[in-house]
Amino acid sequence: MTLLTLHTILTTYLVLGAFLLAIGLYGMFAQRTLIGMLISAELMLAGASVNFMAFNRFLAADPTVGQIFTLFIMGIAAAEAAIALSIVLAVYRNYRSIDTEDVTDLHG
Amino acid sequence: MSVLASSDCKETFVLNLGPQHPATHGVLRVKLTMDGEYIRHAEPVLGYIHRMHEKMGENRTWAQFMPNTGRLDYLSALSYNHGYVLAVERAAGIAVPERAEYIRVITVELNRISSHLVWFGAFILDLGGFTPLLYAFDDREIILDLLQAVTGSRLTYCYFRFGGVYNDIEPDFITGTLAFIKRLRERMPMYHNLVTKNIILIKRLKDIGFVPAEMCRKYGATGPVLRGAGVGYDVRRAEPYSVYPELDFDIPTYPEGDCMARYMVRLDEIEQSMRIIEQACAKLPDGPVMAEKAPKIIKPAKGDYYAAVEAARGSFGVRLVSDGTTTPYRLKLRSPSYSNLSLFGEASRGMLLPDALALMGSLDLVIPEIDR
Amino acid sequence: MISLALKSALAALAVNEAVVTDFAARGFHFDVTVAPDAVEAAAEILNLEGFFLEAITGVDWLADGQMEVVYDYNHSTTPGRVVIRARVSRATPELPTVSAIYPGALWHERETHDFFGIVFLRHPDLSPLLLPEDADFHPLRKDYTP
Amino acid sequence: MGKENLQDAIVQFAPLDKLLGLGRANSLWPMTFGLACCAIEMMATGASRFDLARFGAEVFRPSPRQCDVMIVAGTISKKMAPAVQTLYDQMPEPKWVIAMGNCAISGGPFVFEGQYGIIEGADKLFPVDVYIPGCPPRPEALIEGILELEEKITGSRRWPRVEAG
Amino acid sequence: MSGYFAEIFSGAKSLASGMGITFRYMFKPVVTVQYPHATLKMPERYRGHIELVKDPESGEPKCIVCGMCQRACPSGCITVAGDKLEGEKKKVLSKYVLNFTTCSLCGSCVESCKPGAIQFSREYNLASTRKEDYTIDLLQRLREQR
Amino acid sequence: MNLHSEPIRLLAFLVGIIAFAALNAAYLVWLERKVAGHVQRRIGPKEVGPFGLLQPLVDGIKLMTKQVLIPDNIDPILFRLAPPLLLIPAVMSFVTIPFSETLVARDINLGLLMIFAFASINVLGILLGGWGSNNKYAVIAAARGVSQNVAYEIPMLITVITMVMITHTLNLNEIVRQQGGGIFNWYIFRWSANPLMLISFLIFFTCSLAETNRAPFDLGEAESELVAGYHTEYSGMGFGIFFMGEYANIVIGCSLATILFLGGWQCPFGLWPGVHWFLIKLYILIFTVILIRWTFPRTTIYGLLNLSWKVLIPFALFNLILTGAMIKIWPMIFP
Amino acid sequence: MTSLFSQEGLTGLIFLVLLGITGSGALVAVTAGRLIRSVAGLLLCLIGVAGIYYFLNSPFVALMQLLIYVGAVGVVIAFAVMLADPNPDKQPARGRNPLMGGLGFLTSGAVFAGLAFLGASTAWKRHMGPPTDSGMAAIGKSLLTTYSMVFELISIVLLVAIIGSLVLARAGREKI
């Protein structure tokens with residue numbers, strides 16, 4: 001096993017997946033902004049996807065399963081990003097509107 | 001976990017348009033307070049090309065101020081020449097021979113067409129179309145050639161004199177002018193097909209940039225801006241000067257008050273100017289072009305005098321205060337774009353940036369005339 | 001032409017005599033000199049009649065120790081130029097703004113302040129318009145030396 | 001925009017200078033920058049009748065960062081001077097300035113005793129390479145100015161000289 | 001709904017007709033005058049900077065050093081000086097300098113010149129790297145022309 | 001599916017492609033200036049080399065030797081990252097474009113998908129370039145560019161899906177092969193596949209104009225509004241790279257339209273297929289793009305979004321459904 | 001030992017580069033001082049991951065990763081940053097909670113160590129048997145047969161997300 005043949009063994013991918021997951025986890029703790037946490041979540045999802053793909057490539061009986069799973073993860077991520085964007089927008093708007101007279105809206 | 005934990009929540013930002021910005025046609029600066037691409041507040045900042053014309057007027061003789069008028073609004077310099085000579089002639093009581101009046105009208109109207117052509121091109125350029133500008137310049141070059149043959153300059157004419165014009169026209173000027181009008185008549189449908197009917201342009205101009213008549217009145221806007229709001233005010237008709245009463249022409253008005261209306265008013269004015277020139281060429285009498293009794297040294301009687309002309313951008317007024325000497329005591333230039341621009345702040349509120357620029361383009365600004 | 005009612009209303013404000021001028025000789029129809037405090041009232045009268053404000057300018061009468069502020073009004077449908085003048089002393093050149101009635105006057109008054117140093121009371125912003133932002137000179141005053 | 005961190009050009013060898021000169025001289029991109037009357041003549045020069053494009057100089061860039069030559073076309077007022085100076089500073093080297101029209105050369109007709117508003121000539125602000133007199137100069141004069149600038153850059157003139165007449 | 005389709009249709013048509021125009025213009029002859037290779041003819045009255053007129057008989061300038069042009073010039077760009085030779089009535093022109101950089105080509109000088117000693121030159125393509133080139137000694141220019 | 005089949009060949013093609021992209025960028029600028037000139041009845045570049053052909057070279061020399069100004073208060077990393085981010089994906093996309101049946105760097109089965117994948121990256125170049133410049137004009141331009149790109153990706157992808165339903169493949173060469181045998185086998189005229197194929201083509205073409213930020217959709221560079229858009233702060237070669245990327249994108253957009261609708265390297269008469277046909281069609285399309293730029297005024301952002309959401313997407317969706325129906329119904333009528 | 005200049009060596013090198021991009025991108029994403037740089041890091045990381053998918057014999061997923069993640073998700077996040085944080089100048093570097101940071105570091109370190117050890121030490125049982133087709137067609141078929149339920153579900157999730165985000169973004173927006 002040399003550095004140049006790393007891509008042929010499963011362990012590399014698993015370690016990479018673990019690394020991405022762990023770094024995402026760290027980000028979840030360390031980041032304080034909504035967007036930062038979203039980024040960390042994306043990293044964790046990426047780690048999981050790498051793992052799926054690796055197992056799919058090296059171990060699975062039906063090599064479509066992992067790919068489909070990864071595709072689903074992408075779909076989820078896209079949905080998540082869309083929601084996150086709108087939340088950011090809403091929070092931003094709300095935050096601004098506190099400055100103006102719209103505060104009463106909050107009390108109904 | 002606020003998104004905005006540390007940002008200083010300012011909902012708007014200030015965008016400085018200019019003083020060097022392609023859209024401001026020179027050195028106007030507009031301070032825009034923007035909310036995204038929406039304009040919350042627009043404040044034009046003037047004076048970047050303030051050239052002290054009014055101060056210069058007090059330092060020179062009446063005749064020496066003439067070249068300055070050509071540099072106020074360099075696109076329709078002859079209108080400004082005309083306004084100034086009218087005021088001084090009124091003050092000094094100089095009568096102008098009829099031939100000179102006709103020559104003045106022909107050249108002024110030619111100049112108005114060339115000014116509108118530049119406006120047309122520059123306006124489309126503001127909207128992102130480049131080719132119409134050069135087509136308009138093609139036609140304009142012919143006008144400039146005609147005027148250059150008469151006046152000797154291409155742009156900043158100093159052609160009118162108190163009591164007449166600098167020199168007489170040549171016969172081939174008339175034939176050239178009529179040939180040019182024929183050519184422009186043939187070109188106008190091309191402009192309409194290329195630009196006016198274009199769906200993108202219609203979408204960008206229709207119902208954009210409302211300037212209602214009441215706003216025009218409050219800000220003193222005149223010219224195509226006012227006529228685009230449905231008020232048919234035109235100094236050539238309201239306070240007839242020169243030989244305009246003898247000429248038959250319409251004052252195009254459009255009631256909508258949007259950019260499209262102002263655009264159409266100007267294009268129609270080109271047609272009307274062509275009519276005026278044709279009539280004037282037909283009626284052109286023989287005779288001198290300079291009043292014989294015109295004094296060499298002008299000393300108007302004490303008092304103040306006003307004269308207004310319809311320049312390409314609106315009513316240009318000259319207020320002279322004379323103390324009976326060879327230099328003006330006070331010389332006030334009332335420039336149309338100054339008033340037209342002053343409504344920009346109110347009219348552009350809540351507009352998108354590109355629409356506001358369309359509005360600004362449709363006001364047809366010439367900055368040196370505003371800053372004077 | 002200018003209606004009789006308008007003429008009498010303006011004449012009531014006049015300090016001297018309200019002059020009906022010969023348009024062909026002077027370029028305007030009606031010339032009224034009012035007291036500095038009355039420019040607002042005059043503007044109000046003209047506003048109700050549907051006039052628009054063409055320009056505001058100043059004239060420095062150094063010899064008289066006075067400054068004159070000239071308002072040019074015009075009407076877009078029934079032509080008739082009305083000139084309203086007011087004289088203020090050069091020492092305290094102050095008079096009220098008409099910008100509340102004609103927002104177009106905002107710039108004209110700023111410009112007049114630039115050139116003559118005439119102060120328009122209750123004007124929201126008299127910072128230099130045509131002169132540089134930090135300008136503190138008034139170049140069209142007759143005693144101005146750079 | 002503040003000060004800039006300057007980085008030198010990538011290639012700088014003496015033998016290449018001629019090539020560089022040719023390259024620069026034939027690709028003078030002016031700034032979309034008009035001050036007054038002369039700007040209209042500048043536009044006319046770019047228009048079909050005179051066509052500045054023949055010399056590769058029609059690429060009017062609105063951003064000073066992408067320009068090679070600044071055509072000062074019109075009067076520089078004292079209020080405008082700092083902005084013009086900033087624009088000049090924002091242009092990357094090598095850069096040239098053409099003073100078009102009498103106002104840009106010396107203040108032109110607006111110079112008088114006791115004037116308070118204008119800068120008497122662009123060369124009071126920054127070095128000017130080519131002067132084009134006139135009020136305003138004809139488009140031919142602006143083309144001539146561009147050719148003059150090319151001559152200054154390359155050291156020789158490729159085009160015939162035109163005698164007025 | 002029909003308006004929707006009609007708008008799309010008319011819009012597409014307008015775009016196509018616009019492109020038709022530009023496409024047709026592409027094959028029309030160019031209007032460019034290729035300046036250094038071909039030139040436009042300046043009209044008779046073209047105003048270049050002024051120059052002195054030679055007296056066809058004597059070959060000397062027609063100028064009588066009256067100074068009218070100098071006085072008429074709004075921007076003071078003409079400097080005239082003459083020597084009074086002994087025994088002669090008239091002054092003889094010794095210096096005629098035009099500072100072209102402040103000239104506004106208004107023609108006042110030519111107009112004011114009674115003997116017709118100055119005229120507009122045909123210079124239209126001046127450009128130089130030196131500012132001093134435009135302080136033109138017209139007398140010397142006249143001498144070089146012969 | 002192995003990466004290392006012919007690395008040398010790949011490398012050669014990569015060099016060739018970069019050269020092609022660079023040459024294209026340079027000479028498209030020349031073509032653009034020349035076409036613009038003649039549309040406006042002037043000459044365009046002429047004095048530098050015969051017909052001004054050396055003009056791009058000269059401009060290149062100048063841009064390369066121009067001082068690179070890095071403004072002070074920018075984000076230096078993003079500022080430098082953006083131009084390559086715009087250019088590299090564009091160049092990479094050339095890898096799978098079949099210039100002729102054999103002249104293709106890598107005949108990837110997923111070619112179509114790959115082009116779209118790379119095309120979606122270059123939005124980032126605009127976004128980061130605009131943001132990194134720390135210039136208000138650039139930021140507005142970047143925001144505009146992105147919303148425009150996102151809006152037009154939808155009708156474009158729907159149209160492409162329609163095409164894929166008809167062609168049954170994502171392999172570009174295969175798509176071209178299906179269009180052999182004369183002009184009526186080109187997909188743009190293949191009424192049997194879908195009677196509205198022409199509309200599909202127009203939608204695709206409009207979208208590719210918008211995706212490449214070309215007039216009349218050049219909001220990101222609208223010079224009368226935003227000075228120079230997202231590359232306002234770029235000077236010298238940074239600007240040059242942006243320029244190249246833009247033109248490379250145009251070439252890709254037009255190549256794709258050629259391949260999908262106009263039969264790629266197929267001859268209109270079914271004879272002598274080859275690279276020349278591809279180039280002829282490609283340059284006719286590019287010429288159209290240039291002519292459009294010099295004819296129309298610019299749209300506004302809402303006009304643009306209106307066009308996308310109210311016209312293009314409904315039409316594209318209708319096309320999609322119609323195509324699906326055709327695929328099912330056609331065999332029933334003509335078994 | 002594989003030579004660097006052979007085909008395999010080159011492939012391996014490219015893989016290493018991709019690994020580097022992925023890892024450094026991820027690190028930048030969580031440690032960068034400015035949000036926009038975090039996003040750039042994330043995008044870099046995702047591009048790397050796409051390359052790694054390519055090595056894992058699924059170019060389709062790799063390209064989808066580029067298209068969806070980089071092209072769509074990344075842009076959306078970058079957009080969110082631009083909208084919410086318009087003034088990068090005035091923003092000081094974001095302060096982090098040292099306690100949370102430390103805790104996060106420990107936890108993630110532990111997770112990483114555990115997972116990596118597990119991955120490396122386990123003797124994974126290779127699937128023996130004929131390799132099946134893993135092309136796009138197979139994926140498509142599975143999506144519409146075996147996993148059709150999930151497929152439908154995910155489309156519903158997306159639809160709900162779109163509507164939800166529209167509702168959220170629309171709320172409180174006054175008409176200008």
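No experiment lies behind these values; they were computed from the predicted model shown. Chain naming here is simple, since letters A, B, ... match the order of the sequence lines and numbering starts at 1 in each.
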Query - Non-hydrogen atoms of D/N26 and F/V58 that approach each other most closely - result: CB-CG1, 3.6 Å
Requested in this report: Please report the closest heavy-atom contact between F/Q40 and D/S48, naming both atoms and the distance.
Outcome: O-OG, 2.7 Å
Query raised in the report: Side-chain contact, heavy-atom cut-off 4.5 Å: D/S27 with F/Q55?
Result: yes
Query - Interatomic spacing from NZ in F/K62 to CZ in D/R24 - rounded to 0.5 Å - result: 10.0 Å
**Report entry** Parallel, tilted or perpendicular: rings of D/W29 and F/F239 (30°, 60°)
**Finding:** perpendicular
Report summary line: Within residues 140-159 of chain D, the residues sitting under 4.5 Å from chain F by heavy atom, in sequence order, are D/R158, D/W159
Query raised in the report: If you draw a 6.0 Å radius around CZ in F/F51, do more than 12 non-hydrogen atoms from other residues or ligands fall strictly inside?
Result: no
Report summary line: Given D/P92, D/G23, D/S63, D/P94, the one with more heavy-atom pairs under 4.5 angstrom with chain F than any other is D/P92
Requested in this report: Can you measure from OH (F/Y234) to CD (D/Q66) and round to the nearest 0.5 angstrom?
Outcome: 11.0 Å
Requested in this report: Quick one: closest heavy-atom pair of F/F243 and D/R61, and the distance?
Outcome: CE1-NH1, 4.4 Å
Report summary line: Closest non-hydrogen contact found for D/D51 with F/I43 is OD2-N, 3.0 Å
Query raised in the report: Are F/K66 and D/D68 close enough for a salt bridge, meaning some N to O gap below 4.0 Å?
Result: yes
